[in-house]
Amino acid sequence: MSQSHQQPALSKCPGCEEPPVAGDLFCGACGYDLSAVPARPDDRPTMAITVPPAAPAAEAVRWPTAEETDSSDVPAPVVRPADVPGTDSGGRPLTEPDTPDAESGRGAASPSGPVQTGGPVRTGGPDSAAARVRHDDRADPGGAEASGDFALAAPDPRAPEHAAALAAAPAPGAKVCVACRSGRVDADGYCENCGHAQPRERDHMEQELDAVAAVSDRGLRHHRNEDSFAVSSTALPDGSPAVVAIVCDGVSSASRPDEASAAAASAANEALLESLPRGTHPQQAMHEAIVAASEAVNALAQEPAGAREHDAHRHQNAPACTLVGAIMAGGLLIVGWVGDSRVYWVPEDRTQPTARLTEDDSWAAQMVAAGLMNEAEAYADERAHAITGWLGADAYELEPHTAAFKPDRPGLVVVCTDGLWNYAESAEEMAAAVPADAQEQPLHAARALVGHALDGGGHDNVTVALLPFAVRPQGAGSACDTV
């Protein structure tokens, strides 16, 4: 428990020597700040204190004339009695006046406002802590014994306040809190000093390969990033390159959606890296990858060993996610999806038509396909984003969608979650949001698209992968459709 030390009673005001009224903080005659008079120390000193030598008898002093008066028309003191040699009201010697700093030529400011002629001075003798504080040991070549300074012990690191400070200091190489910049981050991701939760690694992720780049961000409203992605490249049996991008969006209403999206993206990517080098047709490889991703998500819902077999609700609210992917291989563009994440085609020549290459597994898409609503009406409905297809143990039936295209002109493949296309829904809006230099700087363009979603409100997690598709115009058709 801390204690407050009461100021000793003053017999005279240090400014005008009038007796102050008990309890006053300022002198009623001259306005002197009585709280500026230091209290008598009742514990060991914490700084080196010089014991002043006895001063000779004071000579007559010519006091400067004050140029200003206070509210009571009493001249404000420009020099305090304690600033010159003499004795205090108890007959104790005062310290000699300091000279102005030799280099700056400036004195210290008086607590009452006007400028003093000397350095920092306190009234009273050593018993009442009235002595000049020594700031530079080089001013006393003789040391503490020659000058009469009190010798002080070094701070004890075992003292509670010092031990706490040392404990809070992060060890070399330890992760430091982004909020207080000093505390260590524990294994749970919280600062041991201020308790601030640290950004998780998945809150913002970026990856760039030679021919593909992806960025994922938590957004502005969600407490975690439930999206995930995987980008990679491999070679076909003939040595030609194959580039892969997988983007998954966790279903927030399901349990552990972040785990579901991560498992699906990883499983699909691994399946493609295994099948494409074997010579599997890219469209068949995409189908198999979606099945592998579904099995990985289903495995998350399996009961741990020892769980009761009769639990009929073990798959209720099982982990779930959507998936969309693209493969560039052998001059083909293969897309595959389950859910409402999308793939867009943006030609390098922006005068050419853009296209959306996927159809959503959603309530709105079903209404449009059935002819019950037009697209504007369907997507304006509050049920628009209710998905009808997903990966998870509680999915009604897995229906992987795949399509193959053979573009006859260079362009950009945009693979994204609804966290982005909600702010650029049509193909034309998406093309307008894509930077003009996206072909040359896909990572920069992916960052710009994530920024577009955040500027629009960032209501959802945002993930986008960009694959620049470079071909020479051949006039060739599409394997399944024309872009």
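These numbers come from a predicted model, not from an experiment. Hydrogens, waters and symmetry mates play no part in the numbers below; they use all other heavy atoms, side chains included.
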If only atom types and distance count, is the side chain of Ser255 paired as donor or acceptor with the main-chain N or O of Asn317 below 3.5 Å?
-> yes
Roughly how far, to the nearest 0.5 Å, is CZ of Phe469 from CG of Leu333?
-> 6.0 Å
Whether Tyr379 and Trp421 hold their rings parallel, tilted or perpendicular, with breakpoints at 30° and 60° = perpendicular
Just by distance, do the side chain of Asn461 and the backbone of Gly219 share a donor-acceptor pair under 3.5 Å?
-> no
Which pairs pass side chain to side chain donor-acceptor pair (under 3.5 Å) with one or both residues in residues 361-376, sequence neighbours excluded?
-> Asp361-His401
Less than 4.0 Å between a side-chain N and a carboxylate O, is that true for Arg224 and Asp258?
-> yes
What is the distance from atom CH2 of Trp345 to atom CG of Leu467, rounded to the nearest 0.5 Å?
-> 10.5 Å
Closest heavy-atom pair and its distance - Gly325, Ile246 = CA-CD1, 3.9 Å
CG on Leu272 to OG1 on Thr234, rounded to 0.5 Å = 10.0 Å
Thr354 side chain near Arg350 side chain, heavy-atom distance below 4.5 Å | no
Please name the pair of heavy atoms, one in Gly183 and one in Asn193, separated by the smallest distance, quoted to 0.1 Å.
-> CA-CB, 3.6 Å
In Å, rounded to the nearest 0.5 Å, how long is the span from CG of Asn269 to OG of Ser228?
-> 10.0 Å
Quick one: are Cys321 and Asp249 in side-chain contact, heavy atoms under 4.5 Å?
-> no
Less than 3.5 Å apart, which donor and acceptor atoms pair up between the side chains of residues 425-434 and the rest of the protein, not counting sequence neighbours?
from   : atom 1 : to     : atom 2 : distance (Å)
Ser426 : OG     : Glu429 : N      : 3.1
Ser426 : OG     : Glu429 : OE1    : 3.4
Glu429 : OE1    : Glu425 : N      : 3.0
Glu429 : OE1    : Ser426 : N      : 3.0

Give the C-alpha distance, both sets of side-chain angles, the deciding distance and a yes or no for side-chain contact (heavy atoms from CB on, under 4.5 Å) between Val413 and Val343.
-> CA-CA 7 Å; Val413 181; Val343 178; 3.7 Å; yes
Under 4.5 Å between any side-chain heavy atoms of Ile327 and Leu276, yes or no?
-> yes
Got a donor-acceptor contact below 3.5 angstrom from the Ser240 side chain to the Leu236 backbone?
-> no
Which heavy atom in Pro347 sits nearest to a heavy atom in Arg409, and how many Å separate them?
-> CB-CD, 4.3 Å
Note: Ala267 and Ala296 closest approach over all heavy atoms is CB-CB, 3.7 Å
Which heavy atom in Val247 sits nearest to a heavy atom in Cys416, and how many Å separate them?
-> CG1-C, 4.4 Å
Would a distance-only check, ignoring hydrogens and angles, find a side-chain to backbone donor-acceptor pair under 3.5 Å from Asn422 to Asp418?
-> yes
Apply side-chain contact (heavy atoms from CB on, under 4.5 Å) to the pair His222 and Asp460, showing each step before the final yes or no.
-> CA-CA 6 Å; His222 280 234; Asp460 200 354; 3.5 Å; yes
Could you go step by step and tell me if Leu332 and His281 meet the side-chain contact (heavy atoms from CB on, under 4.5 Å) rule?
-> CA-CA 10 Å; Leu332 293 178; His281 189 280; 4.1 Å; yes
Kindly give the heavy-atom pair with the smallest separation between Pro319 and Val297, and that separation in Å.
-> O-CG1, 3.3 Å
Taking atom NE2 of His287 as the centre, report whether more than 12 heavy atoms of other residues, nucleotides or ligands fall under 6.0 Å from it.
-> no
Between Ser261 (side chain) and Glu226 (backbone), is there a donor-acceptor pair under 3.5 Å?
-> yes
N/O donor-acceptor pair under 3.5 Å between Arg202 side chain and Asp227 backbone | yes
side-chain contact (heavy atoms from CB on, under 4.5 Å) assessment of Val243 paired with Leu209 = CA-CA 9 Å; Val243 180; Leu209 299 177; over 6 Å; no
Using a 4.5 Å cut-off on heavy atoms from C-beta on, say whether the side chain of Asp217 contacts that of Leu454.
-> yes
Give a yes or no answer on whether the side chain of Ser341 reaches the backbone of Val324 with a donor-acceptor pair at less than 3.5 Å.
-> no
Of Val464, Asp340, Thr463, which meets side-chain contact (heavy atoms from CB on, under 4.5 Å) against Thr417?
-> Thr463
Any side-chain heavy atom of Met328 within less than 4.5 Å of one from Val212?
-> no
Extract all donor-acceptor atom pairs below 3.5 Å that involve side chains of residues 440-452 and protein atoms in other chains or at least two apart in sequence.
from   : atom 1 : to     : atom 2 : distance (Å)
Gln441 : NE2    : Asp437 : OD2    : 2.9
Arg447 : NE     : Glu206 : OE1    : 3.1
Arg447 : NE     : Glu206 : OE2    : 3.1
Arg447 : NH2    : Glu206 : OE1    : 2.8
His452 : NE2    : Tyr423 : O      : 3.1

Main-chain N/O of Met205 paired with Ser216 side-chain donor or acceptor, under 3.5 Å | no
Just wondering, more than 12 heavy atoms not from Asp349 lying within 6.0 Å of its CG?
-> yes
In Å and rounded to the nearest 0.5 Å, what is the CD to CG distance from Glu208 to Leu466?
-> 10.5 Å
Roughly how far, to the nearest 0.5 Å, is NE2 of His459 from CG of Leu220?
-> 8.5 Å
